[in-house]
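See structure below.
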Amino acid sequence: MASGSVRLEEPMWHPRVEMRSAEVRNRAVFVLLLLWNVAAVCQPFPQAPDAGNSLSSAQNVHLTAEQVARKLQERNAQRAAALSEFEGTRVYRIQYRGFPTDRDAEMVVTMVYRAPDSKKFSVVSQSGSKLIIDRVFKKLLEGEQEAVNEENRPNTALSIENYDFTSAGYENTPDGAQYVLNLLPKTKNKYLYRGKIWVDAKDFAVRRIEGEPAKNPSFWIKKTEVTHRYVKVNDFWLPAENHTESVIRLGGRAILSIEYKDYRITKAVPLRGPETAHQDSK
């Protein structure tokens with residue numbers, strides 16, 4: 001070779017380069033798995049005050065599953081019309097253990113809801129994996145807005161149009177009586193459940209949901225279990241805690257939890273019961 005010439009070599013495969021590429025691919029797979037897992041989380045619906053004294057009959061007479069479902073649907077429609085604005089704080093947490101690496105993250109946000117479908121989120125703090133914060137938590141907030149928009153609301157509602165309901169029992173608890181219903185989705189919608197709901201026998205509001213997504217978020221997710229719990233705040237039933245745990249086929253477990261707290265009802269219209277409405281019409 002002549003002096004001063006530059007020798008051009010053919011690019012060669014190098015094990016370290018290949019390992020870095022594999023790591024990038026694995027990380028991408030991990031992000032997708034979590035995003036699919038998040039997609040399985042049904043956005044909780046707010047529940048408003050009791051509609052009137054007609055509930056007293058439910059305390060003495062056990063209703064059929066269809067009767068409970070219809071009363072629940074009627075009350076949900078009234079609640080949607082009554083609850084105009086509220087605020088609260090949420091704490092999102094993800095803990096992942098498994099392939100290709102363990103990751104954790106937390107994000108605290110404030111939320112302002114304005115009927116019928118406006119939700120404004122403000123991030124208060126965030127810590128842990130930036131990948132999870134940017135690609136999972138923020139996507140989750142976007143997905144919640146998607147679930148409550150006018151087009152999607154009818155397809156995600158807890159209604160007889162979306163579910164078949166069958167009786168799974170009646171429980172007397174220190175917090176009051178509850179109807180337990182089996183929840184069977186009529187379509188494979190990522191925002192619907194297959195499982196059980198616990199319905200307050202006085203307010204006809206959902207206290208708890210336990211189940212799995214009607215549609216598996218991904219082949220790579222072996223199993224997903226979802227639990228939603230609700231709490232009564234100033235006569236309103238609002239989400240208290242969501243817990244989603246997924247087992248991943250590649251080996252690993254992802255736990256997503258959402259804690260709801262510091263509620264403040266800022267605008268609501270009191271619901272009138274049937275007896276009150278009848279008296280006013282005289």
Side-chain angles (χ1 to χ4, degrees), residues 41-80 82-83 86-93 111 113 157-160 163-184 192-212 224-245 255-265 268 270-276:
V41 180
C42 178
Q43 307 304 331
F45 48 87
Q47 304 182 84
D50 170 23
N53 296 328
S54 62
L55 301 180
S56 59
S57 60
Q59 296 175 329
N60 301 318
V61 179
H62 289 194
L63 305 178
T64 66
E66 181 179 358
Q67 289 172 322
V68 174
R70 289 189 179 279
K71 282 183 174 290
L72 176 63
Q73 184 170 341
E74 291 170 1
R75 299 296 167 81
N76 282 343
Q78 295 169 346
R79 292 161 187 151
L83 186 56
F86 69 92
E87 303 173 358
T89 300
R90 300 181 182 182
V91 183
Y92 293 83
R93 298 184 180 94
M111 189 277 297
Y113 168 82
L158 191 62
S159 65
I160 57 177
Y163 290 98
D164 288 321
F165 298 87
T166 61
S167 177
Y170 185 87
E171 299 178 356
N172 285 302
T173 73
D175 295 325
Q178 303 175 83
Y179 289 97
V180 186
L181 302 181
N182 293 313
L183 205 58
L184 304 173
L192 299 183
Y193 289 128
R194 180 182 297 103
K196 291 183 179 181
I197 59 173
W198 282 255
V199 180
D200 187 272
K202 179 181 178 182
D203 291 357
F204 284 94
V206 173
R207 285 187 174 186
R208 189 164 92 247
I209 301 175
E210 291 184 2
E212 61 184 6
T224 298
E225 296 179 349
V226 183
T227 302
H228 295 330
R229 186 173 59 84
Y230 294 83
V231 63
K232 197 170 185 179
V233 181
N234 295 341
D235 295 327
F236 287 75
W237 289 87
L238 299 171
E241 181 182 19
N242 291 0
H243 182 92
T244 302
E245 186 166 344
I255 299 176
L256 164 66
S257 66
I258 310 173
E259 178 188 359
Y260 302 78
K261 60 182 183 178
D262 302 333
Y263 278 119
R264 189 163 70 93
I265 309 300
L271 292 176
R272 296 187 304 171
E275 294 182 2
T276 304

Check your understanding: Roughly how far, to the nearest 0.5 Å, is the OH atom of Tyr170 from the NE2 atom of His62?
Key -> 4.0 Å

**Study point:** Closest non-hydrogen atom pair, Met111 against Arg90
**Key:** CE-NH2, 3.6 Å

Exercise for review: Please report the closest heavy-atom contact between Pro270 and Ala268, naming both atoms and the distance.
Suggested key: CD-O, 3.8 Å

Exercise for review: Can you see which heavy atom on Glu241 is nearest to which on Tyr260, and at what distance?
Suggested key: N-CD1, 3.8 Å

Check your understanding: Roughly how far, to the nearest 0.5 Å, is the CG atom of Asp203 from the CZ atom of Phe236?
Key -> 11.5 Å

Practice item. State the CG-CD distance between Asn242 and Glu259, to the nearest 0.5 angstrom. Key: 11.0 Å

Review point. Would Glu66 and Arg70 count as a salt bridge (Lys or Arg N to Asp or Glu O under 4.0 Å) if you check the C-alpha gap in whole Å, the side-chain angles of each, and the deciding distance to 0.1 Å?
Key: CA-CA 6 Å; Glu66 181 179 358; Arg70 289 189 179 279; 3.2 Å; yes

Check your understanding: What distance separates Ile209 CD1 from Leu181 CG, expressed to the nearest 0.5 Å?
Key -> 11.0 Å

Check your understanding: Does Trp198 have Arg207 sitting over its ring (NZ/CZ under 6.0 Å from centre, angle to axis within 45°)?
Key -> no

Revision key, fill the gap. Looking only at heavy atoms, the pair that brings Pro239 and Tyr263 closest together is O-OH, 2.5 Å

Point to revise | Side chain to side chain, Ile255 and His243, heavy atoms closer than 4.5 Å | key: yes

Practice item. To the nearest 0.5 Å, tell me how far Asn182 CG sits from Thr166 OG1. Key: 3.5 Å

Review point. Is the shortest distance from a Lys or Arg side-chain nitrogen in Asp200 or Lys232 to a carboxylate oxygen in the other one below 4.0 Å?
Key: no

**Study point:** Evaluation steps, salt bridge (Lys or Arg N to Asp or Glu O under 4.0 Å), between Arg264 and Glu87
**Key:** CA-CA 5 Å; Arg264 189 163 70 93; Glu87 303 173 358; 3.0 Å; yes

Study note, to complete from the structure: Between Ser167 and Ala65, the two heavy atoms sitting closest are N-CB, 3.5 Å

Review point. Is there side-chain contact between Leu158 and Tyr163, with heavy atoms separated by less than 4.5 Å?
Key: yes

Review point. Taking atom CZ of Phe165 and atom CG of Leu72, what is their separation to the nearest 0.5 Å?
Key: 6.5 Å

**Study point:** SB check Lys196 Glu210 (cutoff 4.0 Å)
**Key:** no

